[in-house]
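In this text, all values refer to a predicted model and were calculated from it rather than measured experimentally. All chains are named by letter (A, B, ...) in the order of the sequence lines, taking the proteins before the strands, and each is independently numbered beginning at 1.
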Protein chains: 2
Amino acid sequence: MTRGTGRGGGSAAPRSVDVARLAGVSQKTVSRVFNDEPYVSADVRRRVLEAAEQLGYRLNNAARALASGRTRSIGVVTLGTALYGPATLLMGVERVVRDTGYALRVVNTMEGDPAGIAGAVDSLLDQGVDGIVISEPIDEPIDEESDESDGVGDGGDVPVRVGVPVLVIGAPPPFPAATVLTAGGRADLMARAATEHLLDLGHVTVRHLAGPQRWYAARDRLEGWRAALAAHGRDVPPVVEGDWSAASGYAAGRVLADDPEVTAVFVANDDMAIGLIRALVEAGRRVPEDVSVVGFDDIPVAGYVTPPLTTVRQPFDAVAQEGLKRLVHAIENPQADPLPVSDPPVDLIIRSSTAPPPSRTTPGHGRRRTASRSGREGRP
Amino acid sequence: MTRGTGRGGGSAAPRSVDVARLAGVSQKTVSRVFNDEPYVSADVRRRVLEAAEQLGYRLNNAARALASGRTRSIGVVTLGTALYGPATLLMGVERVVRDTGYALRVVNTMEGDPAGIAGAVDSLLDQGVDGIVISEPIDEPIDEESDESDGVGDGGDVPVRVGVPVLVIGAPPPFPAATVLTAGGRADLMARAATEHLLDLGHVTVRHLAGPQRWYAARDRLEGWRAALAAHGRDVPPVVEGDWSAASGYAAGRVLADDPEVTAVFVANDDMAIGLIRALVEAGRRVPEDVSVVGFDDIPVAGYVTPPLTTVRQPFDAVAQEGLKRLVHAIENPQADPLPVSDPPVDLIIRSSTAPPPSRTTPGHGRRRTASRSGREGRP
DNA sequence: GTGAAAGCGCTAACAT
DNA sequence: ATGTTAGCGCTTTCAC
């Protein structure tokens, strides 16, 4: 075969020389037009565009990447099959990336994946990307040597030399690469607000159903919960850990239901919160009359389960947007200082799964002030 | 700059000649090794691999694509922000694509996107992909001319000439391109099974809360529902249409709750089903005692809402796997016949949101046989 | 089994 | 404002 296999149809795909010939200009001028470079007269530009249209010309990205050394694409490493957070974040990233003119390459890594995040990053580097986004990483340090010297990699098990800027969403920066940026919704602040909401309602303490602690996201939320408790001078009760699934929330709920002291639980995500509530209700503990529950994420059905869930909404879009703006900046201005970070707002959505604790005198029958909460409160 | 911008670190990235030199072979031999071509002695292969490792060599994909005319990447057009179906499908596709040795490029298109699917396909073609997957498309015919002749595109508004194989998941084939394949979970069969489950329970008829009819997926489910009704000689009652969201399910539920004739509803997805149930319960109609509800998707929380939702699980992974196997086959064997299709199994998950209809004599108080359904039935 | 030569279609640097 | 000349780092074709 000669060229353009895959371009199908029989006749080969037109190249920029073909367009140049038809437009009566040099090949370089065609290149100029397609790169929006200055110094092309309006007339020439129009002629080139017309010729291109007529031929069905499409810039060959492989050639462009080869010649320029830039692929104009950004890779994303995403974790967790279809968990609401990662999935939503991915969509947000996709939207923003498209606006920046970059293409998106996606690699999904599940927990327990042998190659893990390092493998995903490696495969992205193989594909050739100008920058990498790691979305909601888990604890799994990547062995790297990205030293400026001519050092030959022979350190860890999966040595990866990352020469492109990396944006880590929802985790602290401990990632050795040329440039590392972080972005995040300040989940700790949100967790803190959620916990404080419960404390303000009058609960003596608040239990926490955490996410898997390998996830930074889970640790962040736990930290916020702990901070809220500490700030109010409360003891920090033991943590129960789930795996983000409703099933694990259900299991945790069966345990917590047996403890009459439990009147409020802050759960690290909505799925677990729903499982937890189910277990509580099955055990005869009413929500929110006996036990208040706050979730995290504001998944689409959160406002419609029974009872409608009080939860925290993460600003995924804002995080993706800001993070990518900074990543693209780092890609295009290798030497410049990274752009400043700004904290997103905390968005606590109060629905009907939270209420004051039952009155201590008549355990299990407290019902103060719940009448004011209609079932539809706080729906989107 | 000379070469390897973006490869960072100071020293340029090693090329295959460098590896060749170090290994004492020709550059072509290095190429052979990295392409798993035959006719390389085990000894040479080892030496090359060692040299490559030592240098931290990475095959340059842009150069490879330019020289070979193949990008070894597949593009995915996905719809619907973070809807469970499309999101899950995307993850499935990603997993499978990685196994096939192709890279994945993703473009997200939301409903109402000006450029729409055609624009997404176009941008994928711009990026250069060997094949395209369109996941759960909506009704928005793409103007194309992919004729074998030298035809110049001047037909529709967004003329796109698609020269690579296209796989359409969850929709009929009406898509003019070089090669078009379809794959799908036979949602119609599943919808039919769901409806029949309700009919078998003794319901006189079954109402349907449909998804937006621009989506093939929504029409498919509606069709299955209609077919089940017809097969049982029942009249087809009017359809209520939602937009997949729990909020729209809630709105529909408020309407249906007022109609005492309604004893069973088949809902096109779980989110809407949850919204619907909420509205029903708020209106004083018990589920499943007064009204039975079947959802669609089996979202992670489906087994833990109140009542646990009877629903249908789509075989996303199987669909992605089979579809991609066929797409890759079409990419690599342009002339060969497409691989045969096989129907995935129907997976109806019966939990507690369905029961026999209330006895007609004491409207609103029927409770036959519901005691046997524990709250935890059918959980994963 | 291995190598040499010739592009792939573009962008970069330097003309003009 | 536009054209010329070199590559970018591979795969291909053909020779050995």
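Thr71(B) is linked by a side-chain hydrogen bond (donor to acceptor under 3.5 Å, both in side chains) to Ser73(B), Asp130(B), counting only residues two or more places apart in sequence or in another chain.
Once rounded to the nearest 0.5 Å, the distance linking CG of Leu59(A) with CZ of Arg15(A) reads 13.5 Å. The structure places CG of Leu104(B) at 7.5 Å from CD1 of Ile74(B), a figure rounded to the nearest 0.5 Å. The CG atom of Leu90(A) sits 9.0 Å away from atom OG1 of Thr78(B), with the distance rounded to the nearest 0.5 Å.
Going from atom CD of Gln27(A) over to atom P of dA6(D) covers 15 Å, rounded to whole Å. Atom C1' of nucleotide dC8(D) and atom CG of Leu66(B) are separated by 9 Å, given to the nearest angstrom. Computed from coordinates, the Asn60(A) CG to dG7(C) C1' distance equals 14 Å when rounded to whole Å. Atom pair Asn35(B):CG and dT2(C):C1' shows a separation of 15 Å (rounding to whole Å applied). Nucleotide dG9(D) holds its C1' atom 16 Å from the CZ atom of Arg58(B), rounded to whole Å. What separates CZ of Arg70(A) from C1' of dA12(C) is a distance of 14 Å, to the nearest Å. Between Asp18(B) atom CG and dC10(D) atom C1' the separation is 13 Å, expressed in whole Å. Rounded to whole angstrom, the span from the NZ atom of Lys28(B) across to the C1' atom of dG7(C) amounts to 14 Å.
An OP1 or OP2 oxygen of dT11(D) is reached within less than 4.0 angstrom by a side-chain nitrogen or oxygen of Ser31(B). The side chain of Tyr39(B) contributes no N or O atom lying less than 4.0 Å from OP1 or OP2 of dG3(C). In this model, the phosphate group of dG3(C) is approached by a side-chain N or O of Thr29(B) to a distance below 4.0 Å at OP1 or OP2. For Arg64(B), no side-chain nitrogen or oxygen approaches OP1 or OP2 of dC10(D) to under 4.0 Å. OP1 or OP2 of dC10(C) has at least one side-chain nitrogen or oxygen of Ser16(A) nearer than 4.0 Å. For Ser68(B), no side-chain nitrogen or oxygen approaches OP1 or OP2 of dT11(D) to under 4.0 Å.
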Side chains of residues 318-325 of chain B: which donor-acceptor pairs under 3.5 Å do they make with residues two or more places apart or in other chains?
from      : atom 1 : to        : atom 2 : distance (Å)
Glu322(B) : OE1    : Ser342(B) : OG     : 2.7
Glu322(B) : OE2    : Ser342(B) : N      : 2.8

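Contact check on Asp36(A) versus Arg45(A) returns a salt bridge, with a Lys/Arg side-chain nitrogen under 4.0 Å from an Asp/Glu carboxylate oxygen.
Taking the screw axis at each terminus of the helix from dG1(C)-dC16(D) to dT16(C)-dA1(D) from five consecutive base pairs, the angle between the two is 20° to within rounding of 10 degrees.
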Polar-atom pairs under 3.5 Å, protein N or O versus N or O of nucleotides 14-16 of chain C: list them with distances, or write none.
none

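Between the side chain of Asp126(A) and the main chain of Arg58(B), no donor-acceptor pair closer than 3.5 Å is present. Between the Arg32(B) side chain and the Glu37(B) main chain, no donor and acceptor come within less than 3.5 Å of each other.
Within the structure, every pair that satisfies the side chain to side chain donor-acceptor pair (under 3.5 Å) test and touches residues 89-101 of chain A, not counting sequence neighbours, is listed here: Arg95(A)-Asp317(A).
Residue-level contact check: Phe34(A) touches neither bases nor backbone, having no heavy atom under 4.0 Å from any strand.
There is a side-chain donor-acceptor pair under 3.5 Å between Asn35(A) and Arg64(A).
In this structure, the side chains of Tyr102(A) and Val328(A) come closer than 4.5 Å at one or more pairs of heavy atoms.
Take the nearest nucleotide of DNA chain D for Val30(B) and for Gly24(A): the residue whose nucleotide is more 5' is Gly24(A).
Closest heavy-atom contact between Leu55(A) and Pro14(A): O-CG, 3.4 Å.
Of the residues in residues 42-52 of chain A, those with a non-hydrogen atom less than 4.0 angstrom from any atom of DNA chain D are Val44(A).
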